[in-house]
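Have a look at the structure below, then the notes.
Only heavy atoms go into these numbers, but all of them, side chains included; no hydrogens, no water, no symmetry mates.
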Amino acid sequence: MIEYRIDRRSGIATYVQIVQQTKQALRLGLLRPGDRLPTAREVVEATAVNPNTVLKAYRELEREGLVEARRGLGTFVRRTLGAAGAGTPLRGELADWAARARAAGLDRDDVAALFTAVLDEHFTQTQGDDT
């Protein structure tokens, strides 16, 4: 089951953090169709956020067709996202790269900035461009 971590200093709305973390878990295969999300009460107890915030996040996920609420049972995953499963070879390569970046003295923000720059270079190209 997913455990949400809320960063109150991030400037990102709490419900958006819950949505983003759920989507990340779906992309990585940590959540699969049929899995139950924690109840709003469980999230509130673990994170001290307002129950309405959790419900807002779950409604957004439901609106996107990723989860479904089942009255009296909870909220369940309907479908996954992407194909970046936790056991893929690319994840291992990325983990090795992150370890090398850390050993080279880069901190988390440096690595995030570098990775984002490379992503932008490779994923903002026009379609059909193979470079």
Exercise: identify the closest heavy-atom pair between [X] and [Y]:
| X | Y | answer |
| --- | --- | --- |
| Val77 | Arg32 | CB-O, 3.3 Å |
| Thr80 | Pro33 | CG2-CD, 3.4 Å |
| Phe76 | Gly34 | CD2-O, 3.3 Å |
| Asp107 | Asp110 | OD1-N, 2.8 Å |
| Ala25 | Ile2 | CB-CD1, 3.8 Å |
| Val54 | Ala40 | CG1-CA, 3.7 Å |

| Pair Arg78 + Glu62, salt bridge at N-O below 4.0 Å |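 No, Arg78 and Glu62 are not salt-bridged.
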
| field | Pair Glu68 + Arg79: basic N to acidic O under 4.0 Å | value |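 Salt bridge absent between Glu68 and Arg79.
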
| query | Given Gln21 and Glu3, is the side-chain contact (heavy atoms from CB on, under 4.5 Å) satisfied, shown in steps? | reply | CA-CA 9 Å; Gln21 290 175 36; Glu3 292 183 24; over 6 Å; no

| said: Run Gln20 and Gln24 through side-chain contact (heavy atoms from CB on, under 4.5 Å) and show every step you take. | reply: CA-CA 6 Å; Gln20 289 174 338; Gln24 181 176 7; over 6 Å; no

[Y] and [X], any side-chain heavy atoms less than 4.5 Å apart:
| X | Y | answer |
| --- | --- | --- |
| Leu81 | Leu66 | yes |
| Lys23 | Glu64 | yes |
| Asp7 | Ile12 | no |
| Tyr4 | Leu37 | yes |

Kindly compute the distance separating [atom1] ([X]) from [atom2] ([Y]), expressed to the nearest 0.5 Å.
| X | Y | atom1 | atom2 | answer |
| --- | --- | --- | --- | --- |
| Arg63 | Arg59 | CZ | CZ | 11.5 Å |
| Trp97 | Arg102 | CH2 | CZ | 13.5 Å |
| Leu119 | Leu114 | CG | CG | 10.0 Å |
| Thr14 | Asn50 | OG1 | CG | 9.5 Å |
| Ile6 | Gln17 | CD1 | CD | 5.0 Å |
| Ile18 | Arg5 | CD1 | CZ | 13.0 Å |

| field | Crowding at CZ, Arg70 (>12 non-hydrogen neighbours, <6.0 Å) | value |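 Counting other residues, nucleotides and ligands, CZ of Arg70 exceeds 12 neighbours.
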
| request: Please lay out, stage by stage, how Lys56 and Glu60 fare under the test side-chain contact (heavy atoms from CB on, under 4.5 Å). | output: CA-CA 6 Å; Lys56 182 177 182 178; Glu60 174 67 19; 5.9 Å; no

| said: We want to know whether Tyr58 and Thr22 form a side-chain donor-acceptor pair, criterion being a heavy-atom distance below 3.5 angstrom. | reply: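 Judged by distance alone, the side chains do not pair up.
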
| task | Using the side-chain contact (heavy atoms from CB on, under 4.5 Å) rule, take Val49 and Arg8 through it: C-alpha gap first, then chi angles, then the decisive distance, then the call. | result | CA-CA 10 Å; Val49 300; Arg8 300 183 195 300; 3.8 Å; yes

| query | If two hydrophobic side chains count as joined below 4.5 Å and joins carry through other members, does Val43 share a cluster with Leu55? | reply |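 Not linked; separate clusters.
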
